[in-house]
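All remarks here apply to the structure that follows.
Computation of the quantities below employed the complete heavy-atom set of this structure, encompassing side-chain atoms and omitting hydrogens, waters and symmetry-equivalent molecules. Remember, it's a predicted structure, so these values are computed and weren't measured experimentally.
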Amino acid sequence: MTDVLIIGSGPAGYTAAIYAARAGRSAKIITGRQQGGQLMITSFIENYPGFADPIHGPELMDQMRLQSEKAGAEIICDSIKSVDFSKRPFICVGESGTSYEGKTVVIAVGANAKWLGTPGEKKYLGSGVSACATCDGFFFRNKNVAVIGGGNAAVEEAIYLTNFAKSVTLIHRRDQLRAEKIMQTRLLENSKISVMWNTKVVDILGDDNVVKELLLSNTKDNTETKKSIDGVFVAIGHQPATAIFAGQLEIDENGYVVTDKISCRTSVDGVFAAGDVCDPHYRQAVVSAGQCCMAAMDADKFLSINC
């Protein structure tokens with residue numbers, strides 16, 4: 001039994017643990033399969049407050065883990081496979097077979113970027129392949145980059161990258177974009193951006209260290225071409241890790257946990273959610289951390305009233 005049971009690590013989970021523990025509550029973090037979350041595959045981070053020099057994603061997560069442990073939180077390497085939020089205390093069962101009970105639960109499992117699934121994509125992740133222009137765009141100053149996708153996220157990424165890149169090529173497998181019309185207009189009017197229609201990425205190629213080119217295929221006639229490129233940004237969507245909460249919590253049509261607009265409360269009293277698992281818009285570490293500070297404070301208030 002613990003006062004605040006936190007599902008998921010990363011900047012969200014660790015922040016929740018720090019605030020819960022400092023409030024005098026017992027706190028356990030169930031890390032998930034990838035302890036530290038998506039920042040464990042992020043090379044350099046330059047936009048997290050408090051670090052004048054770039055810091056490696058794994059290094060930042062290590063510091064946050066140590067800080068949460070120093071505050072008094074317990075960290076457990078397990079992954080939750082099922083939950084029962086029908087009554088308190090809440091029960092969460094790990095893949096290890098262990099059952100964890102919490103007087104409150106904070107969900108901080110995040111969302112995972114959707115990937116193309118090509119061999120080169122995995123090989124060059126963090127070495128020319130990214131799913132976050134805000135995180136990594138700066139490293140491609142005066143370089144030629146490509147953005148894969150056709151929705152709002154892809155268009156926003158492409159426009160943002162023109163602040164740094166020499167040129168941006170948007171690659172879309174169809175002949176029209178899904179993005180909002182105003183975003184399409186901004187994209188097509190930007191002199192730094194060109195669009196390759198009816199084109200899909202077959203693979204991402206390079207040397208032993210960095211991306212060098214894309215192997216492309218025309219979706220109409222299947223002809224293949226190669227395009228020289230310095231960086232690739234995959235923007236085909238995100239998938240929140242909410243499958244285990246189906247039927248337990250209110251989840252929207254896109255799979256995100258629904259929370260109260262002015263707090264981190266979910267549809268179940270005593271269960272809170274924060275970060276990418278309920279935020280389809282910002283997807284930034286500092287936002288996730290701030291929201292999980294709120295979630296931990298909400299949990300503390302709930303415990304003061306109900307337990």
### Task
For Asn152 and Val155, indicate whether the former's side chain and the latter's backbone hold a donor-acceptor pair under 3.5 Å.
no
### Query
When you look at CE of Met183, are more than 12 heavy atoms from neighbouring residues, nucleotides or ligands closer to it than 6.0 Å?
yes
### Message
Show, in sequence, the C-alpha distance, side-chain angles and deciding distance for Arg65 and Ser9, and conclude whether the side-chain contact (heavy atoms from CB on, under 4.5 Å) test is met.
### Response
CA-CA 8 Å; Arg65 177 183 59 81; Ser9 47; over 6 Å; no
### Query
Are Asn218 and Thr223 linked by a side-chain donor-acceptor pair shorter than 3.5 Å?
no
### Task
Step by step, work out the side-chain contact (heavy atoms from CB on, under 4.5 Å) result for Val4 and Leu303.
CA-CA 9 Å; Val4 184; Leu303 289 166; 4.0 Å; yes
### Task
Give a yes or no answer on whether the side chain of Thr15 reaches the backbone of Pro11 with a donor-acceptor pair at less than 3.5 Å.
yes
## Note on the structure
CD (Gln284) and CD1 (Ile45) are apart, to the nearest 0.5 Å, by 10.0 Å
### Summary
On a heavy-atom basis, the closest approach of Ser167 and Asn144 is OG-OD1, 2.6 Å
#### Entry: Side-chain touch Val145/Thr169, heavy atoms, less than 4.5 angstrom
no
### Task
Heavy atoms only: give me the nearest Asp203-Gly120 pair and the separation to one decimal.
OD1-N, 2.8 Å
### Message
Listing request: all salt bridge (Lys or Arg N to Asp or Glu O under 4.0 Å) pairs with a residue in residues 262-282, at least two apart in sequence or in separate chains.
### Response
Asp260-Arg265
#### Entry: Pairs where residues 237-263 contributes a residue and the test ring-ring contact (aromatic ring centres under 6.0 Å, His included) is met, not counting sequence neighbours
none
### Task
Quick one: list whatever passes side chain to side chain contact (heavy atoms under 4.5 Å, CB included) with Ala71, sequence neighbours left out.
Ala21, Arg22
### Query
Just wondering, do Asn47 and Phe138 contact through their side chains at under 4.5 Å, heavy atoms?
no
### Query
Linking I/L/V/M/F/W/Y whenever any side-chain heavy atoms sit under 4.5 Å apart, do Ile159 and Leu188 land together?
yes
### Query
Would you find a donor on one side and an acceptor on the other, under 3.5 Å apart, between the side chain of Gln248 and the backbone of Val83?
yes
### Query
Taking atom SG of Cys278 and atom CD1 of Ile251, what is their separation to the nearest 0.5 Å?
11.5 Å
### Message
Within the structure provided, determine whether Pro240 and Val257 are in side-chain contact (heavy-atom separation under 4.5 Å).
### Response
no
### Query
Backbone N or O of Asp230 within a donor-acceptor pair of the Lys143 side chain at under 3.5 Å?
no
### Task
Say whether Ile244 and Ile6 are linked into one hydrophobic cluster, either directly or through other cluster members, by side-chain heavy-atom distances under 4.5 angstrom.
no
### Query
Would you say the side-chain atoms of Lys192 pair up with the backbone N or O of Ala165, donor to acceptor, closer than 3.5 Å?
yes
### Message
Restricting to ring pair (Phe, Tyr, Trp, His ring centres under 6.0 Å), what partner residues turn up for Phe164, sequence neighbours left out?
### Response
Tyr160
### Summary
Correct closest heavy-atom pair for Cys77 and Gln35 would be SG-OE1, 3.3 Å
### Message
Can you confirm whether Arg178 sits close enough to His172 that some side-chain heavy atom of one is under 4.5 Å from a side-chain heavy atom of the other?
### Response
yes
### Query
When you measure from the side chain of Ser68 to the backbone N and O of Leu66, does any donor-acceptor pair fall under 3.5 Å?
no
### Query
Say you draw a straight line from NZ of Lys166 to CG of Asn142; how long is it, rounded to the nearest 0.5 Å?
8.0 Å
### Task
Please tell me if the side chains of Asp136 and Phe233 come closer than 4.5 Å, counting only heavy atoms from C-beta onward.
yes
#### Entry: With sequence neighbours excluded, residues passing salt bridge (Lys or Arg N to Asp or Glu O under 4.0 Å) with Arg33
Glu95
### Task
Considering non-hydrogen atoms only, spot the tightest contact between Leu214 and Ala146 and give its length.
CD1-CB, 3.9 Å
### Message
Please list all pairs meeting salt bridge (Lys or Arg N to Asp or Glu O under 4.0 Å) that have one or both residues in residues 110-129, counting only residues at least two apart or in different chains.
### Response
none
### Sequence neighbours excluded, every pair satisfying salt bridge (Lys or Arg N to Asp or Glu O under 4.0 Å) that has a member inside residues 97-112
Asp3-Lys103
### Closest non-hydrogen atom pair, Leu170 against Gly149
CD1-O, 3.5 Å
### Message
Taking the side chain as everything from C-beta on, heavy atoms only, tell me whether Leu5 gets closer than 4.5 Å to Phe90.
### Response
no
### Query
So Ser267 and Val258, side-chain contact (heavy atoms from CB on, under 4.5 Å) or not? Walk me through it.
CA-CA 7 Å; Ser267 56; Val258 175; over 6 Å; no
### Query
Can you get from Met196 to Val232 by hopping between Ile, Leu, Val, Met, Phe, Trp and Tyr side chains that sit under 4.5 Å apart?
yes
### Query
Taking the side chain as C-beta and beyond, is there a heavy-atom pair between Ile55 and Tyr48 under 4.5 Å?
no
### salt bridge (Lys or Arg N to Asp or Glu O under 4.0 Å) pairs, two or more places apart, involving residues 70-93
Lys28-Glu74, Asp84-Lys87
### Query
How long is the gap from OG on Ser130 to CZ on Phe139, to the nearest 0.5 Å?
9.5 Å
### Message
Applying side chain to side chain contact (heavy atoms under 4.5 Å, CB included), can you list everything that pairs with Asp175, at least two apart in sequence or on another chain?
### Response
Asn198
### Query
Partners of Asp298 by side chain to side chain contact (heavy atoms under 4.5 Å, CB included), sequence neighbours excluded?
Ser263, Cys264, Phe272
### Message
Does atom CZ (Phe51) have a neighbourhood of more than 12 heavy atoms from anything else shown, all under 6.0 Å?
### Response
yes
### Query
More than 12 non-hydrogen atoms from neighbouring residues, nucleotides or ligands closer than 6.0 Å to CD on Gln176, yes or no?
no
### Side chains of Tyr14 and Met61 in contact at under 4.5 Å (non-hydrogen atoms)
yes
## Note on the structure
Residues Ala241 and Asn112: closest non-hydrogen pair is CB-ND2, 4.4 Å
### hydrophobic_cluster_shared for Ile171 and Val211, side chain cutoff 4.5 Å
yes
### Task
Answer yes if the side chains of Arg25 and Ser304 hold a donor-acceptor pair under 3.5 Å, and no otherwise.
yes
#### Entry: Donor-acceptor under 3.5 Å (Tyr124 side chain, Asp207 main chain)
yes
### Message
Using the rule that Ile, Leu, Val, Met, Phe, Trp and Tyr join whenever any side-chain heavy atoms are under 4.5 Å apart, tell me whether Ile80 and Leu249 fall into a single cluster.
### Response
yes
### Message
Tell me every residue that passes side chain to side chain contact (heavy atoms under 4.5 Å, CB included) with Asp208, counting only those two or more places apart in sequence or in another chain.
### Response
none
### Task
Could you tell me whether the side chain of Thr2 and the main chain of Ser26 form a donor-acceptor pair under 3.5 Å?
yes
### Task
Return yes when atom CD1 of Ile305 has more than 12 non-hydrogen atoms of other residues, nucleotides or ligands closer than 6.0 Å, and no otherwise.
yes
### Message
I'd like to check the ring pair (Phe, Tyr, Trp, His ring centres under 6.0 Å) partners of Phe302; sequence neighbours left out, ordered by chain and number.
### Response
none
### Task
Say whether, by atom type as modelled, one donor and one acceptor occur between the side chain of Ser217 and the main chain of Val202 under 3.5 angstrom.
no
### Task
With rounding to the nearest 0.5 Å, note down the distance linking CG in Asn163 to CZ in Arg141.
9.0 Å
### Query
Roughly how far apart are Cys92 SG and Ile7 CD1, rounded to 0.5 Å?
4.0 Å
